[in-house]
Amino acid sequence: MSTPSTSRPSGPLRLLILGGTGEARALSEALAGHAGFDATLSLAGRTRNPVAQALPTRTGGFGGIEGLVHYLEAEKVDIVVDATHPFAATMSYNAEQAAHRSGIVLLRLARPPWEKVPGDIWSEATDIPAAIARLGTAPRRVLVALGRNEVKALEAAPQHHYLVRSVDPVDPPLALPHVRYIEARGPFEEAGERAMLKENRIDAILAKNSGGAATYGKIAAARTLGIDVMLVARPPHGNAQTVGSVKEALIWLEAHTGRD
Ligand code: NAP
């Protein structure tokens, strides 16, 4: 890992953390009260009742690359940490472009994707419509673990029985003959996921390859139950310096302050 230097000679480094993930929350907790950093967390504002955060928080889009460049310069940000979800490709792209244009250091914090292990029955697709098509034409009982803004695509395959799980309600409801909704926020443990899959007689799961422990329970449970997983692969990302864990991000950040 290289550690590019920032231009600020002394004083706390001004940090912007692009969040919306458990990693961003954990990093915020680790940095709250840290003498070396003056950090702000940014959330998109999608979740109706976001969990409390340890750092000062701003909410809502910046207004594209231009808006982010303006924010970075107005707030004299030294380092941007892109800790958005691996599927938040637009925000990551904008962060890379804006940081480049402003000459600001960018660190990406992205958990590694899940890797297939023996016993997994995965069908990997490049996007959500392709993953839905992989369910086939015969009716199936499908757990849908996608964002509520992504589930409209299910209407292309109305023959299946869907159990849609999301943090906030799906509104408006989907135009589908067989659909039920669960509102729940992870983490989800394997044992609970196994019980839920059995109780609902699920025979396929539709999910993104998000990586991380918080939502891996359904993947592990599917393995033991012999359930098919239609897994959407991650969108491509740019060339930003990347770390895979909060611990590594802290080490990288500490290297910029010269403190510990
Ligand atoms: P996206 O498609 O990459 O971003 C769309 C727009 O939302 C961005 O251009 C930006 O608006 C705004 N935005 C996104 N993240 C932001 C942040 N942290 N702070 C301020 N503005 C932000 O993002 P998305 O996939 O809709 O995800 C939205 C949020 O949900 C992210 O914070 C992400 O970490 C979280 N999340 C996403 C997923 C997922 O599967 N996509 C899953 C869990 C959590 P402007 O262009 O106006 O700046």
Side-chain angles (χ1 to χ4, degrees), residues 20-23 25-26 46-51 85-88 111-234:
T21 57
E23 286 80 0
R25 188 164 65 247
R46 301 279 199 283
T47 308
R48 286 190 187 171
N49 298 303
V51 292
H85 191 271
F87 280 80
R111 52 183 112 129
W114 297 317
E115 299 291 342
K116 193 173 180 180
V117 300
D120 282 330
I121 313 168
W122 288 6
S123 179
E124 293 175 80
T126 50
D127 57 27
I128 290 172
I132 293 169
R134 297 276 173 91
L135 291 167
T137 50
R140 307 194 69 168
R141 298 182 63 84
V142 186
L143 171 70
V144 181
L146 300 175
R148 67 187 167 121
N149 299 321
E150 298 166 322
V151 293
K152 181 118 183 97
L154 298 172
E155 292 176 356
Q159 70 274 28
H160 305 300
H161 291 248
Y162 295 108
L163 180 61
V164 175
R165 182 167 67 188
S166 57
V167 174
D168 288 316
V170 176
D171 185 22
L174 299 171
L176 284 167
H178 314 291
V179 59
R180 289 180 299 130
Y181 303 94
I182 320 175
E183 283 159 43
R185 193 196 298 264
F188 301 106
E189 296 298 329
E190 181 180 342
E193 295 290 76
R194 190 178 300 111
M196 180 272 297
L197 293 170
K198 285 169 83 170
E199 187 186 326
N200 290 287
R201 293 178 289 119
I202 298 295
D203 60 40
I205 295 175
L206 191 54
K208 292 176 291 191
N209 192 339
S210 296
T215 58
Y216 189 69
K218 62 178 177 288
I219 304 292
R223 185 186 311 131
T224 62
L225 295 172
I227 290 175
D228 291 342
V229 180
M230 312 299 159
L231 206 56
V232 183
R234 292 182 175 196

E115 CD to W122 CH2 distance, which is reported to the nearest 0.5 Å: 7.0 Å
Closest heavy-atom pair and its distance - A131, V232: CB-CG2, 3.8 Å
E124 side-chain N/O to A233 backbone N/O, donor-acceptor pair under 3.5 Å: no
Evaluate N149 against R46 for side chain to side chain contact (heavy atoms under 4.5 Å, CB included), listing each step before the verdict. CA-CA 10 Å; N149 299 321; R46 301 279 199 283; 4.2 Å; yes
Quick one: do V164 and L154 satisfy side chain to side chain contact (heavy atoms under 4.5 Å, CB included)? Show the steps, please. CA-CA 10 Å; V164 175; L154 298 172; 4.0 Å; yes
Kindly give the heavy-atom pair with the smallest separation between S166 and V170, and that separation in Å. OG-CG2, 3.9 Å
Check: H161 side chain, R180 main-chain N or O, donor-acceptor pair, under 3.5 Å: no
Working to the nearest 0.5 angstrom, can you tell me the gap between K116 NZ and I219 CD1? 11.5 Å
E183 and R48 ion-paired at < 4.0 Å: no
Plane angle bin for F87 and H85 - parallel if under 30°, tilted between 30 and 60°, otherwise perpendicular: tilted
If every non-hydrogen atom of A222 is compared with every non-hydrogen atom of L197, which pair is closest and at what distance? N-CD1, 4.2 Å
When you look at R141 and D203, which way does the salt bridge (Lys or Arg N to Asp or Glu O under 4.0 Å) test go after all the steps? CA-CA 5 Å; R141 298 182 63 84; D203 60 40; over 6 Å; no
From CD1 (I132) to CG (L146), nearest 0.5 Å: 7.0 Å
Quick check for you: to the nearest 0.5 Å, what is the distance between T47 atom OG1 and R185 atom CZ? 6.0 Å
Going from CG on L206 to CE on M230, what distance comes out if it is rounded to the nearest 0.5 angstrom? 8.0 Å
Salt bridge R140-D228, side-chain N to carboxylate O under 4.0 Å: yes
P139 and Q159: which non-hydrogen atoms are nearest, and at how many Å? CB-O, 3.2 Å
Provide the closest heavy-atom pair for S210 versus P86 in the form atom of the first, atom of the second, distance. O-CG, 3.6 Å
Flag, side chain of N209 to backbone of R234, donor-acceptor distance under 3.5 Å: no
Are E150 and K208 ion-paired here, with the side-chain N under 4.0 Å from a carboxylate O? yes
Counting distance only, does the side-chain N/O of R111 pair as donor-acceptor with the main-chain N or O of G211 below 3.5 Å? yes
Worked verdict on D171 versus Y181 for side chain to side chain contact (heavy atoms under 4.5 Å, CB included): CA-CA 11 Å; D171 185 22; Y181 303 94; over 6 Å; no
Can you tell me how far CZ of R201 sits from CG of L163, rounded to the nearest 0.5 angstrom? 11.5 Å
Can you name the ring pair (Phe, Tyr, Trp, His ring centres under 6.0 Å) partners of F188, sequence neighbours left out? none
How far apart are the closest heavy atoms of I205 and K218, and which atoms are they? CD1-O, 3.8 Å
